[in-house]
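Single-structure report; data block below.
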Amino acid sequence: MARERRDITGPVRVRFAPSPTGSLHVGGARAALFNWLLARNTGGTFVLRLEDTDRERSTPESEAEILRALGWLGLDWDEGPLRQSERGDVYAAAVDRLRATGAVYAAWETDEELDAQRAAARADKRAPVVRGRRDWPAEDIARFEAEGRRPVWRFAVPLPGETVIEDYVRGTVTFGHDNIEDFVVARSDGTPTYNLAAAVDDLEMGITHVVRGEDHISNTPKQVLVMRALGGDVPGYAHMPLILGPDKKRLSKRHGAASVEDLQADGFLPRAAVNALALLGWSFDDKTTMFTVDELIEKFSITRVSKSPAVFDLTKLRVINGRHLRLIPTDEFAELLLEWLRATGYLEGKGPEAEDLVRRTAPLVKRKLSTFADYDELAGWLFRPLHIEEEAWEVVTRDVKHSIQVIGGGLGRLEALPEWTLDAIKDALQDQLHILGEAAKDFLEPQRIAITGQTVSTGIYESLELLGREEALRRYRSAMARLAEIWATA
RNA sequence: GGCGCAUUCGUCUAGGGGCCUAGGACGCCGCCCUCUCACGGCGGUAACACGGGUUCAAAUCCCGUAUGCGCUACCA
């Protein structure tokens with residue numbers, strides 16, 4: 001429910017900060033989009049930062065894929081990409097400053113001690129938080145060091161106290177410090193953890209607004225604490241509702257088509273993907289569902305972002321995609337289709353005429369496609385030798401006599417055609433249809449199957465024209481022969 | 001277990017006390033258009049989680065309960 005909410009006004013400095021541990025998922029893409037829209041509509045700056053402090057899981061391949069996916073969506077960044085892995089000295093300096101002010105302390109607890117502390121708190125029905133000992137005797141520390149142990153550095157969460165976030169989406173969210181543990185800011189090897197690095201970067205980069213998924217909300221007080229300890233201006237926060245799969249769990253790979261890469265492979269248009277992504281947790285009004293990218297830039301507002309999670313619906317995406325497809329001029333549509341077919345290898349080994357064939361079928365399929373991936377179902381038969389699908393042939397053989405009459409009738413008229421043009425084909429078949437007194441559907445269906453092998457295809461007249469006289473007549477005759485054989489043995 | 005967040009048709013949502021016998025979109029069903037499938041048009045199906053308050057009046061405000069989800073690492 002939209003309450004009275006503060007709006008984010010510009011010019012903002014916002015960032016998208018994925019960790020390169022996989023492909024760009026729908027949730028991440030939406031976060032990138034919202035930040036980008038905010039930057040573009042306030043004349044602000046969109047910064048890209050790679051959070052690759054986890055060296056184990058971060059890969060260059062993933063990084064490249066994320067950049068590529070952002071490019072495909074058309075989300076260009078103004079600064080970056082910055083890599084946290086290259087900013088070790090920045091974080092080290094920050095930790096030094098925190099050390100100097102006593103905001104962090106060396107913690108020597110072993111994993112076992114930590115586990116015990118958490119278990120005890122849990123048994124006590126308290127928050128399972130860790131508080132390290134801050135007053136180790138010097139001789140203990142000397143012993144630890146002699147043993148080769150290195151401490152982690154924990155943030156000394158001030159007690160008692162609370163941290164309040166004024167979230168643009170959620171309103172006031174309060175976290176009692178009792179429930180925030182003394183989180184680690186620097187690992188025993190000296191490298192920074194996420195909460196330290198993110199806070200330092202947001203501060204250093206002058207980020208004015210952090211717009212990210214709700215899964216980060218419990219990190220926010222920790223980052224705010226770090227920023228305050230560092231003496232900086234805390235940015236505004238907006239936590240977007242999560243994106244769910246059909247099972248209401250956080251959308252993930254196992255839900256399928258959950259990454260931008262998948263959407264591209266499945267034949268979606270970037271503009272439609274952006275449109276649909278924008279509608280995940282945001283709405284402009286009670287009815288508008290079609291937006292151009294420019295309209296989104298103009299109309300997007302954080303005040304209209306929903307608080308509750310949204311289930312990602314591929315069907316709806318397909319509908320939106322189909323509508324965008326139909327808005328594209330046919331020439332451009334043909335080129336985009338061709339581009340996608342080439343990229344997916346569909347045209348490989350199909351000969352030099354294939355591209356021309358695609359161009360000629362483009363106007364025929366434009367109104368019918370939801371995504372480019374539907375192309376094969378409608379027009380794929382044109383690129384292959386005739387193969388009559390079993391269930392289609394069943395339709396034809398259900399009434400053999402009728403099919404012979406109809407296909408034979410069509411064949412007779414087409415054979416006599418002086419010229420093989422769309423109009424001539426159409427006139428001839430329609431004339432025959434009237435002579436036989438058939439319903440158009442009954443008359444044309446067997447012929448469709450005879451020439452395309454399918455019950456669903458491009459329009460029958462257009463299909464015949466595209467096939468060419470010779471091949472079309474060959475297919476008619478072949479069907480007639482098969483039917484005659486069945487008739488004879490019956 | 002703790003903390004946090006959320007809860008309107010199957011789904012996405014509109015909704016800021018009377019305009020709501022709750023609107024739109026997708027899906028689904030039916031009809032029309034029609035050479036199939038689509039597209040397009042028309043119509044229909046379907047929801048305020050529950051219980052208490054506050055108020056002349058609550059989907060809207062408050063409290064509680066339930067349910068769901070997120071977080072709960074030397075991951076991000």
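Chain letters run A, B, ... following the sequence lines, proteins first and then strands; every chain starts at 1.
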> Does a donor on one side chain and an acceptor on the other come within less than 3.5 Å for Ser457(A) and Arg448(A)?
Replying inline: yes

> Between Tyr168(A) and Asp7(A), do the side chains contain an N or O donor and an N or O acceptor separated by less than 3.5 Å?
Replying inline: no

>> When the P atoms of G15(B) and G2(B) are compared, how many Å lie between them, rounded to an integer?
In response: 35 Å

> Under 4.0 angstrom, heavy atoms only, what part of the nucleic acid is Tyr461(A) near: base, sugar-phosphate, or nothing?
Replying inline: base

>> Using a heavy-atom cut-off of 4.0 Å across all strands, would you classify Gly281(A) as base, sugar-phosphate, or nothing?
In response: sugar-phosphate

>> What's the closest nucleotide to the side chain of Val173(A) if the choices are U72(B), C5(B), U13(B)?
In response: C5(B)

> OP1, OP2 of C5(B) versus side-chain N and O of Lys307(A): anything below 4.0 Å?
Replying inline: no

> Can you tell me how far P in U45(B) sits from the matching atom in A22(B), rounded to whole Å?
Replying inline: 11 Å

> Should we say atom CD of Glu147(A) is surrounded by more than 12 heavy atoms from elsewhere, each under 6.0 Å from it?
Replying inline: yes

>> Say we look at U13(B) and A6(B): how far apart would their C1' atoms be, to the nearest angstrom?
In response: 15 Å

> Under 4.0 angstrom, heavy atoms only, what part of the nucleic acid is Ile460(A) near: base, sugar-phosphate, or nothing?
Replying inline: base

> Taking the side chain of Lys249(A) as its heavy atoms from C-beta onward, which of A76(B), C69(B), C35(B) lies nearest to it?
Replying inline: C69(B)

>> Can you see whether Thr421(A) engages Asp423(A) through a side-chain donor-acceptor pair at a distance of less than 3.5 angstrom?
In response: no

> Using atom P of each nucleotide, how far apart are G53(B) and U8(B) to the nearest Å?
Replying inline: 24 Å

>> Taking any heavy-atom pair under 4.0 Å as a contact, classify Arg57(A): base, sugar-phosphate, or nothing.
In response: base

>> What I want to check is whether the side chains of Glu438(A) and His402(A) have a donor and an acceptor closer together than 3.5 Å.
In response: yes

>> Check Asp52(A) with Arg83(A), please: is the shortest side-chain N to carboxylate O separation under 4.0 Å?
In response: no

>> What I want to check is whether an N or O donor and acceptor connect the side chain of Lys368(A) with the base of U36(B) at under 3.5 Å.
In response: yes

>> Just N and O in the side chain of Arg323(A): are any of them under 4.0 Å from OP1 or OP2 of C26(B)?
In response: yes

> What is the distance from atom CD of Glu113(A) to atom CG of Asp111(A), rounded to the nearest 0.5 Å?
Replying inline: 9.5 Å

> Can you tell me the Watson-Crick or wobble partner of C42(B), both distances under 3.5 angstrom?
Replying inline: G30(B)

> With a non-hydrogen cut-off below 4.0 angstrom, is Pro309(A) in contact with a base, only sugar-phosphate, or nothing?
Replying inline: sugar-phosphate

>> Partner lookup for C61(B), please. Criteria are Watson-Crick or G-U wobble with both distances under 3.5 angstrom; report none if nothing qualifies.
In response: G53(B)

>> Please determine whether any donor N or O and acceptor N or O are separated by less than 3.5 Å between the side chain of Thr193(A) and the base of C74(B).
In response: no

> Does Lys248(A) make a side-chain N or O approach to OP1 or OP2 of U11(B) shorter than 4.0 Å?
Replying inline: yes

> For Arg126(A), which contact category applies under a 4.0 Å heavy-atom criterion: base, sugar-phosphate, or nothing?
Replying inline: sugar-phosphate

>> Within the 4.0 Å heavy-atom criterion, would you say Lys316(A) contacts the bases, only the backbone, or no part of the nucleic acid?
In response: base

>> For Trp282(A) and Thr455(A), find the nucleotide of RNA chain B closest to each by heavy atoms; which residue's nucleotide sits nearer the 5' end?
In response: Trp282(A)

>> At 4.0 Å (heavy atoms only), tell me whether Arg150(A) reaches a base, stays on the sugar-phosphate, or touches nothing.
In response: nothing

> C69(B) base to Arg250(A) side chain: any donor-acceptor pair below 3.5 Å?
Replying inline: no

>> Distance check, P atoms only: U7(B) and C63(B), in whole angstrom units.
In response: 14 Å

>> Students often get this wrong, so: under 4.0 angstrom with heavy atoms, is Thr53(A) touching a base, only sugar-phosphate, or nothing?
In response: sugar-phosphate

> How do Lys441(A) and Val319(A) order along RNA chain B: which one's closest nucleotide is nearer the 5' end?
Replying inline: Val319(A)

> Do the side chain of Arg326(A) and the base of C39(B) come within less than 3.5 angstrom through a donor-acceptor pair of N or O atoms?
Replying inline: no

> Checking all strands, does Val152(A) fall into the base, sugar-phosphate, or nothing category for heavy-atom contacts under 4.0 angstrom?
Replying inline: base

>> Closest approach to the side chain of Glu214(A), judged atom by atom: which nucleotide of U13(B), G23(B), C5(B) is it?
In response: C5(B)

> Is there a Watson-Crick or G-U wobble partner for C20(B) with both distances under 3.5 Å, and which nucleotide is it?
Replying inline: none

> Base, sugar-phosphate, or nothing for Glu438(A), non-hydrogen atoms under 4.0 angstrom?
Replying inline: nothing

> When the C1' atoms of G4(B) and G18(B) are considered, how many whole Å apart are they?
Replying inline: 35 Å

> Under 30°, 30 to 60°, or over 60°: which ring-plane class applies to Trp282(A) and Phe284(A), parallel, tilted or perpendicular?
Replying inline: tilted

> Whom does C74(B) pair with, Watson-Crick or G-U wobble, provided both distances fall under 3.5 Å?
Replying inline: none

> Contact class for Arg318(A) (heavy atom, under 4.0 Å): base, sugar-phosphate, or nothing?
Replying inline: nothing

> With distance as the sole test, does Arg149(A) use its side chain to make a donor-acceptor pair with the main-chain N or O of Phe144(A) at under 3.5 Å?
Replying inline: no

> Checking only heavy atoms, does the side chain of Asn219(A) share a donor-acceptor pair with the base of A76(B) at less than 3.5 Å?
Replying inline: yes

>> Let's test this: given Watson-Crick or G-U wobble pairing with both distances under 3.5 Å, identify the partner of U11(B).
In response: A25(B)

> Who is the Watson-Crick or G-U wobble partner of G4(B), with both distances under 3.5 Å?
Replying inline: C69(B)

>> Heavy atoms only, 4.0 Å cut-off, all strands: where does Asn179(A) land among base, sugar-phosphate and nothing?
In response: sugar-phosphate

> Expressed in whole Å, how much space separates the P atoms belonging to U54(B) and U60(B)?
Replying inline: 15 Å

>> Base, sugar-phosphate or nothing for Thr315(A)? Non-hydrogen atoms, less than 4.0 Å.
In response: sugar-phosphate

>> Taking only the P atom of each, what is the distance from U21(B) to G40(B) in whole angstrom?
In response: 33 Å

